[in-house]
Undergrad: 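Below are the structure tokens for one structure; questions will follow.
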Amino acid sequence: MSAQPLKVHESLDAYKRQIPFFNYPALFKQHEEDYLRIFKDVCGRGAYILQKDLAQFEENLKKFLNVKYAFGCSDGTNAIMIGLMALGVKPGDEIICSSHTYIATASAGQMLGAKAVPCDIGPDNMMCPKDVEKRITPKTKVIMPTQLNGRCCDMDALQAIADKHGILIAEDAAQALGAKYKGKCAGTMGKFGTFSFYPAKVLGCFGDGGAIVTNDDEIGQKLLALRDHGRDETGMVVMWGTNARLDNLQAAFLDFKLKGYPAEMERRRAIARMYNDAFKGMPQLTLPPGPDADPNRYDIYQNYELAADRRDELRVFLKDRGIGSIMQWAGTPVHKFPKLGFNTSIPGVDKFFERCLMIPMNMTLTDDDVQFIIKSIKEFYAQ
Ligand SMILES: *Cc1c(COP(=O)(O)O)cnc(C)c1O
């Protein structure tokens with residue numbers, strides 16, 4: 001496809017931009033001075049492992065989430081793994097997760113010898129409670145909903161199923177820091193909840209980072225030890241553990257970013273509102289629920305994920321205009337990796353992945369960028 005000829009009065013800028021799917025350097029530039037100041041401060045004190053900046057970030061994270069315990073972790077995946085260890089997950093146990101999730105949700109339990117059981121999604125692309133219930137066996141130990149794209153699953157329905165069958169719920173809230181369901185924050189509704197501070201996440205650091213939270217005293221004590229070689233507050237080894245600590249330097253950056261985060265959630269919701277308002281009524285697109293669609297939820301749009309007719313052609317069209325787009329998990333849900341021993345079809349997920357697409361949703365987008373993306377998508381379907 002060749003570029004359209006320029007009209008005389010139009011600048012190049014009128015039909016082509018540089019809007020990458022995610023712009024790491026631009027994000028750094030937004031607060032470069034602050035980051036350099038924090039770097040100098042922390043390194044000047046030589047404060048690298050389990051220092052006051054980490055403790056302070058954990059305090060602020062607890063307040064932000066209204067939860068009893070919060071521990072910074074090396075990343076979101078290890079956070080899930082130590083959480084499952086604290087629950088006593090053992091070989092042979094089964095853990096039900098959505099197939100529309102990052103492989104980490106499924107792999108954390110597998111690494112402990114448990115079996116991941118991927119399930120289907122409902123119309124809002126979240127874990128489908130009805131399908132979860134169908135997959136329960138006597139071996140099922142944990143249901144692990146993914147609070148996908150910054151939205152919470154139907155936690156009441158999932159909790160009712162868990163209670164009925166005597167199963168635990170643990171949340172993979174890697175994408176949902178600050179998202180709410182009936183006034184409760186994602187990550188605080190199950191036995192434990194985990195977060196990721198991967199650089200492209202809603203609250204990202206400069207490398208790997210994560211956290212685990214719980215309201216349960218016994219699990220809280222275990223997590224404290226599991227993350228730091230089995231040591232308690234006094235440094236005594238009280239159980240077997242591992243090293244899954246968040247770097248103090250990353251914690252200092254995150255504590256700074258957390259202060260500005262409430263405004264960022266609102267900005268993400270505003271962008272989602274612009275997209276939803278512009279695209280509603282277009283038969284070619286299936287949109288995510290809008291920010292004002294459900295008074296019981298506060299979605300924070302880690303991603304803006306929709307389903308689009310002629311998805312692959314649309315992506316090429318957008319790329320020609322300088323607009324980045326991606327398919328979540330590079331287009332492959334958990335149950336589609338044959339080397340992992342899966343050989344099933346999960347109809348709702350399979351159908352969604354034929355059309356799934358994520359368009360830019362991040363803190364470096366201007367309103368003008370958003371309008372250009374909207375205009376471009378409309379022009380694609382008008383041609
Ligand atoms: C990012 C992510 C993780 C893993 O987080 P890491 O910090 O990269 O280990 C787990 N689950 C979901 C749903 C994610 O999006």
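Computed from a predicted structure; not experimentally measured.
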Undergrad: List the steps, then state whether salt bridge (Lys or Arg N to Asp or Glu O under 4.0 Å) holds for D292 with R273.
TA: CA-CA 8 Å; D292 310 306; R273 201 172 282 120; 2.8 Å; yes
Undergrad: I'd like to know if the side chain of D367 pairs up with that of Q371 as donor and acceptor (distance under 3.5 Å, no hydrogens or angles considered).
TA: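 Absent: no donor and acceptor within the cut-off.
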Undergrad: Got a second to check how far Y304's OH is from N362's CG, nearest 0.5 Å?
TA: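 Those atoms lie 15.0 Å apart.
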Undergrad: Can any side-chain N or O of E171 pair as donor or acceptor with the backbone N or O of G187 at less than 3.5 Å?
TA: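 Yes: the side chain of E171 pairs with the backbone of G187.
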Undergrad: Quick check: Y298 with Y181 (ring centres under 6.0 Å apart)?
TA: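 No, too far apart.
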Undergrad: So, does D75 use its side chain to make a donor-acceptor pair with the main chain of G210 at under 3.5 Å?
TA: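 Flag not set: sc D75 to bb G210 has no pair under 3.5 Å.
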Undergrad: Quick one: are K141 and I167 in side-chain contact, heavy atoms under 4.5 Å?
TA: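 When only atoms from C-beta onward are counted, I167 and K141 do not touch, as no gap falls below 4.5 Å.
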Undergrad: Check for a donor-acceptor pair, side chain of N215 on one end and backbone N or O of K68 on the other, with a separation under 3.5 Å.
TA: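 Yes, the answer is positive, given that a donor and an acceptor are paired below the 3.5 Å cut-off.
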Undergrad: Using the rule side chain to side chain donor-acceptor pair (under 3.5 Å), only one of K16, R17, R321 pairs with S376; which is it?
TA: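 When side chain to side chain donor-acceptor pair (under 3.5 Å) is applied between S376 and each of K16, R17, R321, only R321 qualifies.
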Undergrad: Heavy atoms, side chains only, cut-off 4.5 Å: are M189 and I169 in contact?
TA: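 They are not in side-chain contact.
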Undergrad: What verdict does the side chain to side chain contact (heavy atoms under 4.5 Å, CB included) test give for Y261 and V202, after you've listed the backbone C-alpha separation in whole Å, the side-chain angles of each residue and the deciding distance to 0.1 Å?
TA: CA-CA 8 Å; Y261 184 59; V202 280; 3.3 Å; yes
Undergrad: Would you find a donor on one side and an acceptor on the other, under 3.5 Å apart, between the side chain of E264 and the backbone of L203?
TA: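 Flag not set: sc E264 to bb L203 has no pair under 3.5 Å.
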Undergrad: Any chance OH of Y102 has more than 12 other-residue heavy atoms, nucleotides or ligands included, within less than 6.0 Å?
TA: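 No, because the 6.0 Å sphere around OH of Y102 holds 12 heavy atoms or fewer from other groups.
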Undergrad: Among residues two or more places apart or on two chains, list those pairs meeting side-chain hydrogen bond (donor to acceptor under 3.5 Å, both in side chains) that have a residue in residues 107-132.
TA: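 Qualifying pairs: D124-R151, D131-R135.
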Undergrad: Is there a salt bridge (Lys or Arg N to Asp or Glu O under 4.0 Å) between R45 and D41? Walk through the geometry before answering.
TA: CA-CA 6 Å; R45 283 186 276 122; D41 171 42; 2.9 Å; yes
Undergrad: Please evaluate residues K63 and E59 with respect to the criterion salt bridge (Lys or Arg N to Asp or Glu O under 4.0 Å), reporting the C-alpha separation (whole Å), side-chain torsions for both, the decisive distance (0.1 Å), and the verdict.
TA: CA-CA 6 Å; K63 279 188 206 136; E59 275 311 307; 5.3 Å; no
Undergrad: Just by modelled atom types, is the P288 backbone N or O under 3.5 Å from a matching donor or acceptor in the N276 side chain?
TA: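 The answer is yes, because a donor-acceptor pair under 3.5 Å joins these two groups.
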Undergrad: Tell me whether Q30 contacts the main-chain N or O of M363 through its side chain, where contact means a donor paired with an acceptor under 3.5 Å.
TA: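 A pair under 3.5 Å: yes.
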Undergrad: Short question: side chain of D369, backbone of T366 - any donor-acceptor pair under 3.5 Å?
TA: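 Flag set: sc D369 to bb T366 pair under 3.5 Å.
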Undergrad: Is the F337-F342 ring centre distance short of 6.0 angstrom?
TA: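 Ring centroids of F337 and F342 are no less than 6.0 Å from each other.
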Undergrad: Decide if atom CZ of F39 counts as having more than 12 heavy atoms of other residues, nucleotides or ligands within a radius under 6.0 Å.
TA: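 Atom CZ in F39 is not crowded, with 12 or fewer foreign heavy atoms closer than 6.0 Å.
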Undergrad: Spell out, as yes or no, whether a donor-acceptor pair under 3.5 Å connects the side chain of R245 to the backbone of F71.
TA: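 No.
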Undergrad: Nearest 0.5 Å please: distance from the CZ atom of R315 over to the NZ atom of K319.
TA: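 These two atoms lie 9.0 Å from each other.
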Undergrad: Roughly how far apart are E354 CD and D309 CG, rounded to 0.5 Å?
TA: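 Reported to 0.5 Å precision, the distance equals 11.0 Å.
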Undergrad: State whether a side-chain donor-acceptor pair under 3.5 Å links H335 with T344.
TA: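 The answer is no; no qualifying pair exists.
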Undergrad: Within the distance-only criterion (no hydrogens, no angle test), does the side chain of D228 pair as donor or acceptor with the backbone N or O of R231 below 3.5 angstrom?
TA: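 Not confirmed, D228 side chain does not pair with R231 backbone.
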Undergrad: If we only count heavy atoms from C-beta on, is the L223 to I82 side-chain gap below 4.5 Å?
TA: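 SC-SC contact between L223 and I82 confirmed.
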Undergrad: Applying side chain to side chain contact (heavy atoms under 4.5 Å, CB included) to F57 and L246, what does each step give before you reach the verdict?
TA: CA-CA 10 Å; F57 173 58; L246 175 65; 4.0 Å; yes
Undergrad: Centroid separation under 6.0 Å, is that true for the rings of F197 and F253?
TA: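 No, they do not, as the ring centres are separated by 6.0 Å or more.
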Undergrad: Using side chain to side chain contact (heavy atoms under 4.5 Å, CB included), reason through Q147 and M155 one step at a time and then give a plain yes or no.
TA: CA-CA 10 Å; Q147 313 297 30; M155 296 306 288; 3.4 Å; yes
Undergrad: If hydrophobic residues (ILVMFWY) are linked whenever their side-chain heavy atoms come closer than 4.5 Å, directly or via other members, who joins W240 in its cluster?
TA: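 Besides W240, the hydrophobic cluster comprises nothing; the residue is isolated.
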Undergrad: Any sub-3.5 Å donor-acceptor pair from S196's side-chain atoms to Y198's backbone N or O?
TA: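 Pair found, side chain donor or acceptor close to backbone of Y198.
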